[in-house]
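I have placed the structure first, in the form of structure tokens, so that the comments after it can refer back to it.
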There are 2 protein chains.
Amino acid sequence: MAIQRASLVEITMDRIKSHILENNLKENDKFLSEKELVNQLQVSRTVIREALRSLESIGILKVKPGDGTFVGSGNFDSIKTILKHHFEAYGVKIRELLEIRKVIELGALRLIIEKELKVDVHYLTEINHAYYQAIQEHTDTKAHDQLFHQQLIKETQNQTFYHFADVIQDYFSLVKMDVTQNKENLLMSYQEHQKIIQALQQKNLQTAQMVMTQHFKPVFQYIHEMEGNKS
Amino acid sequence: MAIQRASLVEITMDRIKSHILENNLKENDKFLSEKELVNQLQVSRTVIREALRSLESIGILKVKPGDGTFVGSGNFDSIKTILKHHFEAYGVKIRELLEIRKVIELGALRLIIEKELKVDVHYLTEINHAYYQAIQEHTDTKAHDQLFHQQLIKETQNQTFYHFADVIQDYFSLVKMDVTQNKENLLMSYQEHQKIIQALQQKNLQTAQMVMTQHFKPVFQYIHEMEGNKS
DNA sequence: ACATATAATATGGTCAGACCAATTTTAATT
DNA sequence: AATTAAAATTGGTCTGACCATATTATATGT
């Protein structure tokens, strides 16, 4: 089988990536202009533009009309875009995503406790209290609940884990789930949050994981019922 | 502040994605030609090509010279490409990646046991035996070890989790770690695998997770020493 | 000397036409 | 029916032109 020859566009993309790495360019750094790239790489502006557009779509570069080309931010927005399309094209099993969330959150608890990290109990309690207020005032509780879980991941002091979890959470939020909980369940949820905080303080992994599992129960139940309805 | 107007290329990308979704196009389906797109969307071939290239780089399309444009496979190769560049540009903390692996694998054990799944004990034992053979014959043991862990993830019967774990494993393998283990440690590793299989059979989550934690210990130790050397 | 307006320049966006390269399809020949 | 050659289709690359956006330099007024 013949070796598949790379196109000039592909070669150009590799050259640009190498240039970024070799020059230690960081996010928002000014990159070479199209004209400079044409001169340096000795290819047409068409090839340069196709390469730049491709690198832009995966977040490596950012192109601004009239201004120039810049190194992209190191965030995972492009991965989120890919997953969004993947979700739209192929869908996803909600149960699978929920299981992944459970893996992540129970894992977070374990990391915090096994690494003997000192969690920001005050801030977590503050978030949970705001959650309680929202429950009482019948305002949006989802944001508070999500902030609580997000802060737990942050408390693991593992930035890569935090970013991956963020991507997955974003993927998860693409799924439209109408789990409208009544006040009683919401209050229970608030109490579970409180118990998780306590368990973290007491460095009790078993309890923390048990309560978190409890926390997920209503949503798993909901999905179980949805899946049952489809049978 | 004025609303930032989308370029024709961006509009074209959206139109193409919509076309894929609305026509339920699946991977490897033949897509429209450049000529057809020019006629249909009434933009220049330059705009079409830039859009196609961009969509190719995120895996949504696949362009073959002389043949045509096809819908991309639904795999996560493009995500791996993004993470590879991200790793090369920004690096990653090995400890953080290892912690994530631990979260994933301990979580996999939990999923298997809590979902009361019947694991393929025979196949897992087979893989582990091949691992043992490789240890005895001083051949490459990494592939067998990785296959074992990969199979564990597969036994969770959660495809999304499996694919995400695969992406992270790929990211992890970018890190060159020279953890050359001696035979004694490798044999211990083999025994740990055996114990994990037994614990799964007995549906003993605590034992399975404890042994898996044990399994990770040498690498965490290695990283701890590396980090110590840098202090 | 400073502020404002205008012009020039730099940079990216889009277009059309031409030509090359790879693959497929069609037609001609045996 | 099989083989070969030609034609057509499809993507790759190039050049030059012109438009749009943003920045920089220059001119003008106070």
Side-chain angles (χ1 to χ4, degrees), chain A residues 1-17 19-20 23 25 27-73 77-78, chain B residues 1-17 19-20 23 25 27-73 77-78:
Chain A
M1 166 201 175
I3 294 159
Q4 193 174 1
R5 201 164 133 179
S7 64
L8 282 182
V9 174
E10 288 162 320
I11 294 170
T12 301
M13 286 174 71
D14 286 341
R15 294 288 293 273
I16 290 171
K17 281 198 259 183
H19 186 276
I20 293 172
N23 290 269
L25 299 184
E27 56 194 84
N28 298 325
D29 280 355
K30 187 71 179 289
F31 195 66
L32 301 166
S33 67
E34 289 182 8
K35 194 179 222 177
E36 288 169 326
L37 286 166
V38 165
N39 287 341
Q40 210 170 107
L41 301 183
Q42 285 295 295
V43 290
S44 73
R45 199 178 156 219
T46 305
V47 168
I48 295 298
R49 287 187 60 78
E50 287 183 21
L52 291 179
R53 280 291 186 182
S54 296
L55 292 171
E56 184 179 29
S57 74
I58 57 180
I60 291 179
L61 289 177
K62 204 171 7 179
V63 181
K64 288 174 180 173
D67 204 342
T69 305
F70 301 83
V71 177
S73 59
D77 281 358
S78 49
Chain B
M1 163 206 178
I3 294 159
Q4 190 173 6
R5 196 154 139 189
S7 64
L8 282 182
V9 174
E10 288 163 320
I11 293 169
T12 302
M13 287 175 72
D14 286 341
R15 297 288 293 274
I16 290 172
K17 280 196 260 181
H19 185 277
I20 292 171
N23 290 270
L25 298 183
E27 57 194 84
N28 298 326
D29 281 353
K30 187 74 179 289
F31 195 67
L32 301 167
S33 67
E34 291 182 7
K35 194 180 221 177
E36 287 169 326
L37 287 167
V38 166
N39 286 341
Q40 209 168 108
L41 301 184
Q42 285 295 297
V43 289
S44 71
R45 197 176 159 222
T46 306
V47 168
I48 294 298
R49 289 187 59 78
E50 288 182 21
L52 292 179
R53 279 293 185 182
S54 297
L55 293 171
E56 183 179 29
S57 74
I58 58 181
I60 291 178
L61 288 176
K62 203 171 11 182
V63 181
K64 287 173 181 172
D67 203 342
T69 305
F70 302 82
V71 177
S73 58
D77 282 357
S78 49

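What you see is a predicted model, and the numbers here were worked out from it, not measured in a lab. Order of the sequence lines sets the chain letters (A, B, ...), proteins ahead of strands, with each chain counted from 1.
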Kindly indicate whether the side chain of B/R45 and the base of C/dT14 share any N or O donor-acceptor pair separated by less than 3.5 Å? no
Whole angstrom value for the distance that separates C1' of C/dT24 from CZ of B/F70: 11 Å
Nearest-Å distance for atom pair CD/C1', residues B/E50 and D/dG11: 15 Å
If the test is side chain to side chain contact (heavy atoms under 4.5 Å, CB included), which one of A/L52, A/L37, A/V47 qualifies with A/T12? A/V47
Atom-to-atom span, NZ of A/K64 to P of D/dT23 - whole angstrom: 9 Å
Starting from P on C/dT11, measure out to NZ on A/K30 and report it in whole angstrom. 6 Å
Would B/R15 and B/Q40 count as a side-chain contact (heavy atoms from CB on, under 4.5 Å) if you check the C-alpha gap in whole Å, the side-chain angles of each, and the deciding distance to 0.1 Å? CA-CA 11 Å; B/R15 297 288 293 274; B/Q40 209 168 108; over 6 Å; no
Look at the side chain of B/S54 and the backbone N and O of A/R53, then say whether any donor-acceptor pair between them is shorter than 3.5 Å. yes
Distance-only, no hydrogens or angles: does the A/E10 side chain make a donor-acceptor pair with backbone N or O of A/S7 under 3.5 Å? yes
Nucleotide nearest A/T69 (side chain, heavy atoms from C-beta), chosen from C/dC15, C/dT14, C/dG12: C/dG12
If you only use heavy atoms from C-beta on, which nucleotide in C/dC15, D/dG11, C/dG13 is closest to the side chain of A/V63? C/dG13
Between D/dC14, C/dC15, C/dT23, spot the one nearest the side chain of B/V43, thanks. C/dC15
Residue mapping more 5' on DNA chain D - nearest nucleotide basis, A/T46 or B/G66: B/G66
From C/dC15, C/dG12, C/dA22, pick the nucleotide closest to the side chain of B/P65? C/dA22
Separation between CD1 of A/I48 and CG of A/N39, rounded to the nearest 0.5 Å: 9.5 Å
B/R53 side chain N/O closer than 4.0 Å to the phosphate oxygens (OP1, OP2) of D/dG12? yes
Using whole Å, report how far CG of A/L41 lies from C1' of D/dT13. 14 Å
Report the distance from atom CD1 of A/I48 to atom P of C/dT11, rounded to the nearest whole Å. 14 Å
How long is the line joining CD of B/E56 and P of D/dG11, in whole Å? 11 Å
Using a cut-off of strictly less than 4.0 Å, decide whether B/S44 has a side-chain nitrogen or oxygen near OP1 or OP2 of C/dT14. no
Any side-chain N or O of B/R49 less than 4.0 Å from the OP1 or OP2 oxygen of D/dG12? yes
Just call it for B/S33: base, sugar-phosphate, or nothing, with non-hydrogen atoms closer than 4.0 Å on any strand. sugar-phosphate
In this structure, how many angstroms lie between the C1' atom of D/dT21 and the CG atom of B/L8, rounded? 15 Å
Minimum-distance nucleotide to A/E34 side chain [options: C/dG13, D/dG12, C/dT14]: C/dG13
